[in-house]
There are 2 protein chains.
Amino acid sequence: MTSKLPVYIKIHDQIKKEIEDGIWKVGDRLPSERELSETFGVSRMTLRQAIQTLAEEGILERKIGSGTYVARQKVKETMTGTTSFSDIVRSQGSQPSSQTIAYFITSPSSSEMEKLELTKDKKILKMERIRYADDVPICFEVASIPYDMVKGFTKDEITTSLYQTLENNGHRMIGKSSQSISALSASETIAHYLDLKKGDAVLRLRQVSYLQDKTPFEYVRSQYAGERFEFYLEK
Amino acid sequence: MTSKLPVYIKIHDQIKKEIEDGIWKVGDRLPSERELSETFGVSRMTLRQAIQTLAEEGILERKIGSGTYVARQKVKETMTGTTSFSDIVRSQGSQPSSQTIAYFITSPSSSEMEKLELTKDKKILKMERIRYADDVPICFEVASIPYDMVKGFTKDEITTSLYQTLENNGHRMIGKSSQSISALSASETIAHYLDLKKGDAVLRLRQVSYLQDKTPFEYVRSQYAGERFEFYLEK
DNA sequence: CAGTGGTCTAGACCACAAA
DNA sequence: TTGTGGTCTAGACCACTGA
């Protein structure tokens, strides 16, 4: 239930929703903190905490001596970035889908412990899946997530859009990610998954994603069918 | 004067300094918020603001029910997104070099006309070269540049660092670039250049670079030995 | 000038971690 | 159970903005 959430989170969610619903438009000035605190029936400090989180997310903008305004919405790109498979596929006019090969909780390997900054007593959620564009296999990926990070979420919430779930339901702020890209020849297993011949060129992407406080929350290793996929980047 | 700074900023600075001075070491638990607020002679809310900013900077780590700890420092500043081959190689502790295979002026192909936004009466400067790290071949690349853009520069100015020459000598401001990355199998020619076997996995990078006024000034197609090179990105 | 966000106080109760 | 950080209150004064 949402009723156990802190008040300032609930206020945060409501104001955010009101902006999304168009009640407040870009550039609008919100009522003053004193007015809002009265409206919501909380102290000004609590109301300020809600405004604070919204400001950190870039949704609101505070101006000393003037007021609090709805900020112009910036690139939603930051949320998904260069590696959201679904968005890339959709932007090319195809339909993304995926098949989950494995989904289980286990202990972290040494590289997972290092990348996710975990101790060996922690558990991770591990997922393996094949991703498709219009039913053509494009990518095989293995994702590892600290189990503590997704405890309480449904499998669907985790597999469909982890980023969105963490931000909207988990109130975690997504930060940067570091990635490395290289090429290699397909193993027999990968060739089978991606409908390739063994030895065909494959693009390997390793990605560690972090929250805004620098806590790593996802380590993904992907192999893309080289001839069927391109990464596009802008700098 | 520091005296006009908010109290919580001054407390922030002092705690940060004490950590830098080694009074608190990584993993140490700080006194509780209640103790610290008494020590500094402020309310707990004010003290919490100081702790808050330090936590956001990753200097401190809070643990509910346990205490506040000095976080392990994770610096590793963002390696800027520049896909400068020389910089990447140097950052990995190797020595970059290159061998020019071809360097000539010609008419643009249709894809070059499109990417560089040229008409067919314009000329381009075309360069082919192999790039090395510590004398190991890493990459074969073909670069196309509108000839008007580099008229008057020496061959050395163009091949050594085109970006620097354009900015310093040409007074052109470099802007964004768009890139695509995919994987393919090495052709016989590429295999020869990069000391690979035909069919080995190769990373292909296509890059169009623009000035700040959106004028394209370089179109580069590179093929990297897949097993010898990785791209690192930060988003 | 009046109104705004920024800072600060001195309390309080809660959920959680560790002993 | 004790102590911790997390949340929350009902005030207060400040520096700044804009009319």
Side-chain angles (χ1 to χ4, degrees), chain A residues 1-15 24 27-71 119 121-123 146-149 151-152 170-173 211-213 215, chain B residues 1-15 24 27-71:
Chain A
M1 295 300 290
T2 57
S3 54
K4 58 194 287 233
L5 286 174
V7 177
Y8 77 91
I9 298 275
K10 288 198 281 190
I11 295 176
H12 161 282
D13 290 349
Q14 177 164 347
I15 294 178
W24 307 105
D28 279 2
R29 201 189 82 172
L30 295 191
S32 74
E33 297 180 348
R34 288 163 182 82
E35 282 180 68
L36 284 172
S37 64
E38 205 168 329
T39 303
F40 286 106
V42 298
S43 75
R44 191 177 154 219
M45 286 299 275
T46 301
L47 186 277
R48 272 180 62 78
Q49 250 181 302
I51 300 288
Q52 167 84 7
T53 57
L54 286 161
E56 282 172 0
E57 294 170 37
I59 294 171
L60 293 182
E61 193 174 349
R62 295 157 131 169
K63 292 189 181 173
I64 299 179
S66 172
T68 302
Y69 301 80
V70 179
T119 49
D121 57 302
K122 297 291 184 180
K123 294 295 180 187
Y147 183 57
D148 287 347
M149 195 71 70
K151 211 179 294 183
H171 299 289
R172 311 265 197 171
M173 307 274 284
L211 301 175
Q212 275 193 356
D213 65 4
T215 309
Chain B
M1 298 297 287
T2 57
S3 54
K4 58 190 286 232
L5 286 175
V7 177
Y8 77 93
I9 298 275
K10 288 197 281 190
I11 295 176
H12 161 282
D13 291 347
Q14 178 164 344
I15 293 178
W24 308 106
D28 278 3
R29 200 188 82 171
L30 295 192
S32 74
E33 297 179 350
R34 288 164 183 82
E35 282 181 67
L36 284 172
S37 64
E38 205 167 329
T39 303
F40 287 106
V42 298
S43 74
R44 190 175 154 222
M45 286 298 275
T46 301
L47 186 278
R48 272 179 63 78
Q49 253 183 301
I51 300 289
Q52 165 86 5
T53 56
L54 286 161
E56 282 172 0
E57 294 169 35
I59 294 171
L60 294 182
E61 192 174 352
R62 295 157 132 170
K63 291 188 182 174
I64 300 179
S66 172
T68 302
Y69 301 80
V70 179

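We name chains A, B, ... by the order of the sequence lines, and we start the count at 1 in each one. Every value quoted in this text rests on a predicted model; they were computed, and no experiment measured them.
Nearest heavy-atom pair across A:Phe40 and A:Ile15 is CZ-CG1, 4.1 Å.
As judged by a 4.0 angstrom heavy-atom cut-off over every strand, B:Glu61 is placed among residues making no nucleic acid contact. Using a 4.0 Å heavy-atom cutoff across all strands shown, B:Gln52 reaches no nucleic acid atom at all.
Distance A:Phe40 CZ to D:dA10 P: 17 Å, rounded to the nearest Å. In this entry the distance linking CD of B:Gln49 with C1' of C:dC8 reads 8 Å, nearest Å. Separating the OH atom of B:Tyr69 from the C1' atom of D:dG5 is a distance of 11 Å, rounded to the nearest angstrom. Here D:dT7 presents its C1' atom at 11 Å from CD of B:Glu33, a figure rounded to the nearest Å. Rounded to a whole Å, the CZ atom of A:Arg44 is 14 Å from the P atom of D:dG11. Rounded to whole Å, atom P of D:dG5 lies 11 Å from atom CG of B:Leu60. Distance, A:Leu30 CG to C:dG3 P: 19 Å, rounded to whole Å. Distance B:Leu47 CG to D:dG5 P: 9 Å, rounded to the nearest Å.
Taking the side chain as every heavy atom from C-beta outward, A:Lys151 and A:Lys123 never approach each other to under 4.5 Å. The shortest distance between side-chain heavy atoms of B:Leu60 and B:Trp24 does not fall below 4.5 Å. Taking the side chain as every heavy atom from C-beta outward, B:His12 and B:Gln49 never approach each other to under 4.5 Å. Between B:Ile51 and B:Leu36, some side-chain heavy-atom pair lies under the 4.5 Å cut-off.
In terms of phosphate contacts, B:Thr68 brings no side-chain nitrogen or oxygen within less than 4.0 Å of OP1 or OP2 of D:dT4. Within the structure, every side-chain polar atom (N or O) of A:Arg34 is placed at least 4.0 Å from both OP1 and OP2 of C:dG3. Between A:Ser43 and the phosphate of D:dT9, there is a side-chain N or O to OP1/OP2 separation shorter than 4.0 Å. OP1 or OP2 of D:dT7 lies within a sub-4.0 Å distance of a side-chain N or O belonging to A:Tyr8. A close approach under 4.0 Å does not occur between any side-chain nitrogen or oxygen of B:Thr46 and OP1 or OP2 of C:dT7. Between B:Arg48 and D:dG6 there is a side-chain polar atom (N or O) within less than 4.0 angstrom of OP1 or OP2. Residue A:Ser32 has a polar side-chain atom (N or O) positioned under 4.0 Å from OP1 or OP2 of C:dT4.
In the displayed structure, A:Glu57 atom CD is contacted under 6.0 Å by more than 12 heavy atoms of other residues, nucleotides or ligands. Counting heavy atoms of neighbouring residues, nucleotides and ligands inside a 6.0 Å radius, atom CD of B:Glu56 exceeds 12 of them.
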What protein N or O atoms touch nucleotides 17-19 of chain C N or O atoms at under 3.5 angstrom, if any, and at what distances?
unit_1 : atom_1 : unit_2  : atom_2 : d
C:dA17 : O4'    : B:Gly65 : O      : 3.3

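In this structure, B:Lys10 does not pair ionically with B:Asp13, as no charged nitrogen and carboxylate oxygen lie closer than 4.0 Å.
Which of D:dG5, D:dT7, C:dT4 sits closest to the side chain of A:Glu35 comes down to C:dT4.
Nucleotides of DNA chain D nearest to A:Gly41 and B:Pro31 differ in position, and the one nearer the 5' end is that of B:Pro31.
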